[in-house]
Each structure stands twice: as structure tokens, then as C-alpha cells.
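Data first, discussion second: the structure below is written as C-alpha cells.
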2 protein chains.
Amino acid sequence: MYNENDFHYLYATMNTNATDLYQSWLSSLQNSGYRLTETRRALVEILAASSHALSAVELYDLGRRECPRLGLVTVYRTLEKLEELGLIQRVHQPGGCHMYLRAAQGHQHLLLCTACGRAEYFDGDDLSTFMNSVADQSGFDVRDHWLQLFGLCQQCRDHDL
Amino acid sequence: MYNENDFHYLYATMNTNATDLYQSWLSSLQNSGYRLTETRRALVEILAASSHALSAVELYDLGRRECPRLGLVTVYRTLEKLEELGLIQRVHQPGGCHMYLRAAQGHQHLLLCTACGRAEYFDGDDLSTFMNSVADQSGFDVRDHWLQLFGLCQQCRDHDL
DNA sequence: CAGATAATGACACTCCTTTTCATTTACACC
DNA sequence: GGTGTAAATGAAAAGGAGTGTCATTATCTG
């Protein structure tokens, strides 16, 4: 079962995609006039590599491994900047709504494993037909949507039997 | 624009549907061994009649009109019980995730007006085809989903013209 | 290398929510 | 209808998450 304190689940080793993401996030920060500090690099690296949505405290604990002097305030401020730049986004789950994950690209939607907490994006079919029919029936001018799916990821299904 | 303190928007006069809901919620509470107090009736009445998701404090302020001695603690406990019974559910919005609304029935999904805050349910087309295709592609065993649409409701569109 | 200023971490503070506890109230039973 | 028991209430206090303040440190520019 998913254990919030088991960082093995929270922080996978960095793969090529994550490295690209890491570099591009650093560029984004720099292009927006933000400085690249050791602390910030560490936090960005963790977030870019994470396969799970992270809370501020989880990120704080992970960050302190590399920067023992890290303060929780810095974590909040870093999350704030990354969200402002559209690089990460908040993830809402039944258990809590203050977790952060790399932002969706285009029409991606979120798949969350209820057992291990893993978060994945999938490229959603276009839902605009559906949305238009809703708009017609309701009188709403639909401008945005959130779609999240919950279930068991491949690994957790395998473990179960 | 939507003003949190303007209760006219938050608490419409009770219509027939709301009365039915109110009565059935009271029965649910009673059937589960909970007692029907004056305070509880008032809070249930407000929630059943509300066209907007309400925060604890909003419910508190509305409740105090009928029960001036009402405490905020009671509001939290009442929300807890109603949620436990599946009568209300939390609504997650960009601005906050601690608002409550009557629970969705069956395959209903949520429509939220970003201008006035009005919340409506619509009977969603069955998304199971879509979900199956996601399951096939991702390896996830999809068990549940959240779908929320954001936009402008009819009234707010008219006002904006 | 030096100056300007962004970023940091410690501390204090606010806001939302939960816990504790004495009092009040609803319901079941007689 | 009274009466007893246990749930429900409200006040006060405690807990936790997130935000401001400020002196110090670090980054980037020139």
C-alpha cells in the first residue's frame, strides 16, 4: 500500500525526459529573470523527475537531502514561481489538494493510481464534441475542464495478484 | 462579478426539489442514528437549497441568520456527517477545495460558473468508451473519474452580453 | 572584482480546522 | 407526560498549513 514516507515511490531516478524537463525549466526561470541558485536547482530537479504529485512538505523533505539548510518557506516560494510559469500544476485528490506535478501538455489528462500514488498523463481524445453537447443542453459557455481518472497502475495490478 | 459576501447569490429561495432533498437528508441522518436538532435542520436546509458550493464559513454565516448561537465547530461536524452519508461532496476549484455541494447522482458531472460561482449538474454522456481506450493505452485499471467543466452560466452570459 | 538586488532561512503571525470539555438537547423508555 | 442516557452543542484552546517580515547570503551584471 502507498506510504507517504516511502520516498522510493516518490522520487525515481532521473531519466532522459526528466533531464530535458529539468534543463528547460531552468531556462524558463532564467528567461523570466529568476536566478538559478543551488536550492532552486535541487527543487526543480526533484519535481521534474517525480512520478508522483508532491506536497510542499514532501518536497521539503526530499530537498533537505541535497540542501540540509533548506527552509520550508523557500519550497513554497519555488512552487509559486514554477506554477506561475505554468511548469507545474496543482493536483486535486480526495485526500488532499495541495500536491504539485509537472503541468499537462496540450490535451493531456491525469491518471492517478489510488494504491501507490503514481501520476501519469495520457493524451486524451478530444472531448470538444462532448463539451459542445453539454453547452447546448445547459446554456453554459464552457471554457475549460478538468478530467482526472483514478485507478490502479500496471505495477500495482501485478502486485495484487 | 461574483462577490463572496453577497448571499443573494448563495442561497436561493427553497424550491420543490430542495424541499424533497431536505426531507430525504433528514431521513438519512435519522436512519443512521443521528438526531435532528434545530441547528442541524437549518444547516441541512441551507445546503439542500444552495445553488452554489459553500465553504464552511459561508455556511456558518448563513446558518447564524436562523441560529444566532451557531458555532463554526458545529458546521464542520455537520459537513462531516453529510459527506460521510454521501449526501454532499467537496468541490475543487482553482481558488480553493473546501467547498461543499449536494452530491452528484449517478453519472452526473459538475458545471461551474467562473463568474457567479453557480454550480449545476448535467447528466453526462457515458464516458466508458473513452475510459476503456485510456485503460488499454495506459495499462491502468480505471475505476473512477472526476470531470468538471468551467464556464459562464446563462445569466452571466446575458449580463455580459 | 564590486555593486545591486534577488533569494534564502529564521521567526512570527494569520487563517482554517480539529480537539477538549462542560452544558444543553433530543430521543427512547417507562 | 416525565425521566435518564447519550448525542449534540458552543466556547476556548490547540494544531497545522501557508504567508509576511527582515537581516543575511548568494547570484548575476557590468
Side-chain angles (χ1 to χ4, degrees), chain A residues 4-5 25-47 53-85 88 90-100, chain B residues 4-5 25-47 53-85 88 90-100:
Chain A
E4 287 187 7
N5 297 317
W25 288 9
L26 292 185
S27 301
S28 281
L29 283 165
Q30 219 162 18
N31 293 339
S32 302
Y34 295 123
R35 294 179 179 174
L36 301 186
T37 65
E38 191 194 332
T39 308
R40 199 162 274 173
R41 284 174 204 273
L43 294 177
V44 166
E45 184 181 340
I46 293 167
L47 280 165
L54 297 175
S55 69
V57 173
E58 282 167 350
L59 183 54
Y60 173 66
D61 289 335
L62 290 168
R64 278 167 73 90
R65 298 179 168 189
E66 295 178 48
C67 307
R69 303 196 57 234
L70 174 64
L72 191 50
V73 192
T74 303
V75 172
Y76 281 110
R77 282 188 287 226
T78 304
L79 288 171
E80 193 180 2
K81 286 180 178 55
L82 293 174
E83 188 182 22
E84 169 204 325
L85 295 177
I88 60 171
R90 255 165 91 167
V91 172
H92 300 254
Q93 289 180 269
C97 344
H98 299 270
M99 322 274 281
Y100 287 87
Chain B
E4 287 187 4
N5 296 317
W25 288 10
L26 292 184
S27 301
S28 281
L29 283 165
Q30 219 160 20
N31 293 339
S32 303
Y34 295 122
R35 295 177 178 175
L36 301 186
T37 65
E38 191 193 333
T39 308
R40 199 162 276 174
R41 284 174 204 273
L43 294 178
V44 166
E45 184 182 339
I46 294 167
L47 279 166
L54 297 176
S55 69
V57 172
E58 282 167 350
L59 183 55
Y60 173 66
D61 290 334
L62 290 167
R64 278 166 73 91
R65 298 177 169 190
E66 295 178 47
C67 306
R69 302 196 59 235
L70 173 64
L72 190 51
V73 192
T74 303
V75 173
Y76 281 107
R77 282 188 288 229
T78 305
L79 288 172
E80 192 180 6
K81 286 180 178 53
L82 293 174
E83 189 181 22
E84 169 204 324
L85 296 176
I88 61 172
R90 254 163 94 165
V91 173
H92 300 253
Q93 290 179 268
C97 346
H98 299 271
M99 321 275 280
Y100 287 88

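No experiment lies behind these values; they were computed from the predicted model shown.
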Below 3.5 Å, can you tabulate the donor-acceptor pairs from side chains in residues 73-82 of chain A to any protein atom, sequence neighbours excluded?
residue	atom	partner	partner atom	Å
A/Thr78	OG1	A/Thr74	O	2.8

Just jot down the ring-ring contact (aromatic ring centres under 6.0 Å, His included) partners of B/His98, sequence neighbours excluded, or say none. none
Assess whether side chain to side chain contact (heavy atoms under 4.5 Å, CB included) is satisfied between A/Glu66 and A/Arg41, documenting all intermediate values. CA-CA 10 Å; A/Glu66 295 178 48; A/Arg41 284 174 204 273; over 6 Å; no
For D/dA7 and B/Arg40 - does any side-chain N or O of the residue sit under 4.0 Å from the phosphate oxygens OP1/OP2? no
Identify the heavy atoms of A/Arg90 and A/Cys97 that sit nearest to each other, and give their distance. NE-O, 3.1 Å
Note: chain A reaches DNA chain C at heavy-atom distances under 4.0 Å over the stretch, first to last nt, 5' to 3', of C/dT5 to C/dC11
Go through B/Trp25 and B/Leu85 one step at a time and tell me if the side chain to side chain contact (heavy atoms under 4.5 Å, CB included) criterion holds. CA-CA 9 Å; B/Trp25 288 10; B/Leu85 296 176; over 6 Å; no
Identify each atom pair where a protein N or O and an N or O of nucleotides 19-23 of chain D are less than 3.5 Å apart, giving names and distance.
none

Nearest-angstrom distance from the residue atom CD of A/Glu83 to P of D/dG18: 12 Å
Report the end-to-end axis angle of the helix from C/dC1-D/dG30 to C/dC30-D/dG1; each axis comes from five terminal pairs, and the value is rounded to 10°. 50°
Of A/Val57 and B/Gly71, the one whose closest nucleotide on DNA chain D sits nearer the 5' end is B/Gly71
Between N or O atoms, less than 3.5 Å apart, protein on one side and nucleotides 25-30 of chain D on the other: list the pairs.
residue	atom	partner	partner atom	Å
D/dT27	O2	A/Arg35	NH1	2.6
D/dT27	O2	A/Arg35	NH2	3.4
D/dC28	OP1	A/Leu36	N	2.9

